[in-house]
Amino acid sequence: MENIKILETLGKIYYAIYDIDLQQNAYQEITSMDQVREWIPASGTAEELFRIIHNNLCMPEYRPEFGTFYDLDTLENRLQGKNIITYEYISASVGWVQAGIIPGNYDASGKLDRVLFVARDISAVKEKGSRYMNMIKALSSPYENLYAVDLNDGTLEVYSFADHIRENYGDVIASQKYEDALSLYINTEVHKDDIPLFSNIRTLEGCWKIFEKSKEYAFVYRVIRGGEVHYFKCQIVKPSDERDEFALGFRNVDEDILAQNRQKRELEHRMDIIQSIGNIYSSSYYIDLEKDSFEELSALGPVHEAIGSEGKARERMDFFVSNIVESAYQDEMKKFMDLGTL
């Protein structure tokens with residue numbers, strides 16, 4: 001009864017299960033599906049079973065390794081101490097397949113005499129993995145350094161290295177766990193005043209806490225190289241809820257910081273001009289023509305009361321001309337203040 005329950009459970013996972021008697025060199029189908037039965041009879045010799053799969057179902061590029069996988073002469077040694085051995089290949093009838101050999105029974109002398117050969121469709125898993133890798137590649141394009149990190153044990157997988165990191169730390173970082181590798185980078189590269197920025201991600205526990213609230217976390221920090229300050233962005237991203245791992249990326253953002261500083265200087269210059277105008281004119285306004293909005297910079301009491309400090313530009317300009325300007329000058333003022341022809 002127990003064996004029946006085990007087989008029923010396996011039948012929910014594997015689309016094909018065969019019981020192989022190693023001593024008799026024979027197999028018997030336990031379960032399969034129609035497109036496989038077209039190729040594999042319900043019973044026969046073990047060599048025949050694997051030969052059919054090897055020659056007819058397994059795609060050519062996978063056949064050499066599949067031949068090693070099912071080699072009956074070495075099978076017992078390879079199964080010692082294991083519950084299953086597996087091999088993945090593309091099948092002509094199914095797609096991606098994970099084949100497995102499970103030890104079933106040992107005779108009185110302790111020699112393995114029965115195994116189960118099982119196969120399951122893993123095409124959906126492979127497709128999901130491919131999408132995941134595409135996400136990793138998309139993330140890696142702007143990053144000089146990108147790593148995949150296992151959230152459970154901190155194992156690092158390197159996807160891209162900047163030349164500077166590869167030359168100075170490549171072998172060391174690639175051989176260390178996340179927390180040690182990150183500490184090495186922080187202590188040797190990061191500006192001392194910016195080291196506290198890494199506090200939330202220095203441990204796997206801290207990363208877990210971040211991902212409980214958000215899928216990503218990022219900040220900008222400084223490094224000193226060759227006596228010069230450079231700006232970098234550190235970002236961690238957890239692409240999938242189903243995988244306990246995340247992507248860790250570093251990229252140079254010197255150009256972004258320079259652009260922000262230019263914008264800041266331009267804004268400060270513009271505000272200086274506006275301030276100078278305010279010193280000359282009793283009332284001045286900043287008008288956004290695209291949004292048809294205005295913002296008061298300075299104004300006399302009556303003008304402020306009439307127009308307000310912000311609002312629709314055209315509407316309030318018309319109100320100003322009609323209610324503040326003397327009637328003899330209204331026509332000229334309307335032409336002068338017509339925002340449509342400005």
Side-chain angles (χ1 to χ4, degrees), residues 1-134 150 155 157 242-244:
M1 181 64 71
E2 183 178 350
N3 288 338
I4 293 176
K5 289 183 179 179
I6 292 174
L7 290 174
E8 287 177 350
T9 300
L10 290 175
K12 296 176 182 178
I13 302 172
Y14 299 100
Y15 66 77
I17 303 175
Y18 300 92
D19 178 24
I20 299 177
D21 186 327
L22 296 176
Q23 304 302 320
Q24 299 298 321
N25 185 28
Y27 79 87
Q28 180 67 46
E29 175 192 304
I30 295 175
T31 186
S32 188
M33 57 184 184
D34 291 342
Q35 56 262 53
V36 175
R37 290 193 181 102
E38 291 177 5
W39 292 97
I40 303 177
S43 61
T45 66
E47 284 97 342
E48 180 186 8
L49 169 67
F50 290 120
R51 186 173 58 250
I52 292 173
I53 297 174
H54 180 278
N55 295 341
N56 299 286
L57 298 179
C58 184
M59 298 299 285
E61 60 266 35
Y62 297 95
R63 288 173 185 170
E65 291 187 4
F66 183 73
T68 302
F69 167 71
Y70 75 75
D71 181 20
L72 297 177
D73 293 332
T74 62
L75 183 59
E76 184 169 1
N77 287 335
R78 288 184 288 123
L79 280 170
Q80 283 185 0
K82 298 178 181 177
N83 295 320
I84 188 173
I85 58 173
T86 62
Y87 178 68
E88 296 177 0
Y89 64 93
I90 296 179
S91 165
S93 62
V94 177
W96 273 104
V97 171
Q98 184 186 74
I101 300 177
I102 302 171
N105 188 61
Y106 293 85
D107 63 18
S109 64
K111 186 176 180 60
L112 181 67
D113 66 357
R114 300 189 84 87
V115 296
L116 291 178
F117 175 75
V118 296
R120 70 186 183 103
D121 184 351
I122 59 169
S123 299
V125 175
K126 287 290 186 180
E127 182 181 354
K128 186 175 293 185
S130 176
R131 290 200 301 270
Y132 177 78
M133 287 305 302
N134 289 336
D150 189 308
T155 302
E157 185 173 353
E242 300 174 3
R243 302 172 72 104
D244 289 344

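Sorted by first and then second residue, the pairs that involve residues 87-105 and meet salt bridge (charged side-chain N to carboxylate O under 4.0 Å, His left out), not counting sequence neighbours, are Glu88-Lys126. Residue pairs meeting the salt bridge (charged side-chain N to carboxylate O under 4.0 Å, His left out) criterion with at least one partner in residues 96-107, sequence neighbours excluded, do not occur; the list is empty.
Heavy-atom contacts from other residues, nucleotides or ligands closer than 6.0 Å to CD of Gln35 number more than 12. The environment of Asn77 atom CG is dense: over 12 non-hydrogen atoms of other residues, nucleotides or ligands sit within 6.0 angstrom. Counting heavy-atom neighbours within 6.0 Å of Trp39 CH2, excluding the residue itself, gives a total of 12 or less.
Residues satisfying the salt bridge (Lys or Arg N to Asp or Glu O under 4.0 Å) criterion with Glu157, sequence neighbours excluded, are absent altogether. The side chain to side chain donor-acceptor pair (under 3.5 Å) test applied to Gln28 returns no partner, not counting sequence neighbours. By the side-chain contact (heavy atoms from CB on, under 4.5 Å) test, Thr74 is found to be paired with Asp71, Arg78, residues two or more places apart in sequence or in another chain being considered. Considering only residues two or more places apart in sequence or on other chains, Tyr87 meets the side-chain contact (heavy atoms from CB on, under 4.5 Å) condition with Tyr62, Glu65, Phe66, Phe69, Tyr89. Partners of Glu76 according to the side chain to side chain donor-acceptor pair (under 3.5 Å) rule, which considers only residues two or more places apart in sequence or in another chain, are Lys111. Among residues two or more places apart in sequence or in another chain, the salt bridge (Lys or Arg N to Asp or Glu O under 4.0 Å) test is passed with Asp19 by Arg114. Thr68 pairs by the side-chain contact (heavy atoms from CB on, under 4.5 Å) definition with nothing, not counting sequence neighbours. Residues meeting the side chain to side chain donor-acceptor pair (under 3.5 Å) test with Asp150, sequence neighbours left out: none. In this structure Asp34 satisfies the salt bridge (Lys or Arg N to Asp or Glu O under 4.0 Å) test together with Arg37, sequence neighbours excluded.
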Under 3.5 Å donor-acceptor pairs involving side-chain atoms of residues 49-58, not counting sequence neighbours:
residue	atom	partner	partner atom	Å
His54	NE2	Arg63	O	3.2
Asn55	ND2	Arg51	O	3.4
Asn56	ND2	Ile52	O	3.2

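With rounding to the nearest 0.5 Å, the separation of CD1 in Ile90 from CD1 in Ile122 is 9.5 Å. Taking CG of Asp121 as the reference point, atom CD of Gln98 lies at 11.0 Å (rounded to 0.5 Å).
The shortest heavy-atom contact between Gln23 and Asp113 is CG-CB, 3.4 Å. Taking every heavy atom of both residues into account, Pro64 and Pro60 meet most closely at CD-O, 3.6 Å. Here the closest heavy-atom approach between residue Pro41 and residue Glu48 is recorded as CG-OE2, 4.2 Å. Across every non-hydrogen atom of Tyr18 and Ser32, the tightest pair is OH-OG, 3.5 Å. Ile101 and Pro103 make their closest contact through O-CD, 4.0 Å (heavy atoms, listed as atom of the first residue, atom of the second, distance). The two residues Ala46 and Tyr27 have their closest heavy-atom pair at N-CD2, 4.2 Å.
Contact check for Glu29 versus Ile40: no side-chain heavy atoms found under the 4.5 Å cut-off. Using a 4.5 Å heavy-atom threshold, the side chains of Tyr15 and Val97 count as touching.
Not a single donor-acceptor pair under 3.5 Å links the side chain of Thr86 to the backbone N or O of Gly100.
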